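Computed from a prediction, not measured in an experiment: that's the story for all the values here. Just so it is clear, the values below take in all heavy atoms, side chains as well, and ignore hydrogens, waters and symmetry mates.
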Amino acid sequence: MSTEPTPQGAELSAESVERELLGFLEAKTRTSLTPDQDMFASGLVSSMFAMELVVHIEQTYQVAIVGADLKLDNFRTVQRMTELVLRLRAASASVGHA
């Protein structure tokens with residue numbers, strides 16, 4: 001599992017983001033997860049770990065998670081985190097090319 005940042009211009013697929021996030025989370029929680037599993041409802045993620053997760057996503061995918069994006073619902077499942085990463089990357093790419 002790589003924790004190297006993903007270059008800003010690099011194409012990301014939902015599958016690659018999901019795979020990386022699952023690997024990171026499974027290593028940290030020592031639990032097998034599914035992409036649609038609510039990690040907060042199952043007690044696998046604490047609020048302290050949630051902050052570590054935000055930092056991991058920001059550093060790995062070179063995005064800034066601020067304001068309305070910094071809500072719990074965006075971090076409940078790997079699927080939602082993947083959607084967040086792809087949306088933020090797309091938004092920063094369109095700003096960079098505007």
Side-chain angles (χ1 to χ4, degrees):
M1 165 178 73
S2 172
T3 57
E4 289 295 311
T6 304
Q8 188 64 31
E11 279 298 314
L12 288 179
S13 69
E15 295 78 20
S16 67
V17 173
E18 191 172 278
R19 189 171 41 250
E20 189 280 327
L21 287 172
L22 278 172
F24 174 78
L25 289 162
E26 288 177 349
K28 289 290 190 175
T29 63
R30 296 188 173 123
T31 303
S32 183
L33 301 169
T34 61
D36 61 347
Q37 182 175 348
D38 186 328
M39 294 175 295
F40 289 93
S42 60
L44 289 171
V45 177
S46 66
S47 57
M48 195 65 166
F49 180 71
M51 292 312 301
E52 183 180 344
L53 184 55
V54 169
V55 171
H56 171 77
I57 291 171
E58 287 182 327
Q59 291 178 345
T60 301
Y61 299 104
Q62 299 184 337
V63 295
I65 304 171
V66 296
D69 289 324
L70 201 53
K71 62 183 178 184
L72 185 65
D73 282 344
N74 284 333
F75 300 92
R76 285 193 179 280
T77 68
V78 169
Q79 286 175 336
R80 289 188 184 171
M81 287 182 267
T82 299
E83 292 166 5
L84 176 66
V85 166
L86 295 176
R87 182 171 51 76
L88 292 175
R89 288 287 295 239
S92 67
S94 67
V95 168
H97 295 295

- Message: Looking at every heavy atom in both Leu44 and Gln37, which two are closest together, and how far apart are they?
- Response: CD1-NE2, 3.5 Å
- Query: What orientation do Tyr61 and His56 show, parallel under 30°, tilted 30 to 60°, or perpendicular over 60°?
  - Reply: perpendicular
- Taking side chain as C-beta onward, heavy atoms only, is Leu53 less than 4.5 Å from Phe24? yes
- dist Arg87:CZ -> Asp69:CG (nearest 0.5 Å) comes out at 4.0 Å
- Which atom names give the shortest non-hydrogen contact between Arg89 and Val63, and what distance separates them? CD-CG1, 3.6 Å
- Query: Taking the side chain as C-beta and beyond, is there a heavy-atom pair between Phe75 and Ile57 under 4.5 Å?
  - Reply: yes
- Message: Could you tell me if the side chain of Thr60 sits less than 4.5 Å from the side chain of Leu21, heavy atoms only?
- Response: no
- Side-chain contact, heavy-atom cut-off 4.5 Å: Met51 with Val55? no
- To the nearest 0.5 Å, how far apart are NZ in Lys28 and CG in Leu33? 14.0 Å
- Query: Is Glu18 reaching over with its side chain to a backbone N or O of Val78, donor-acceptor style, under 3.5 angstrom?
  - Reply: no
- Query: Going only through I, L, V, M, F, W and Y residues with side-chain contacts under 4.5 Å, is there a path from Leu70 to Val45?
  - Reply: yes
- Would you say Phe49 and Leu25 make side-chain contact, with heavy atoms under 4.5 Å? yes
- Message: Tell me the closest heavy-atom pair linking Ala50 and Phe40, and the distance in Å.
- Response: CB-CZ, 3.9 Å
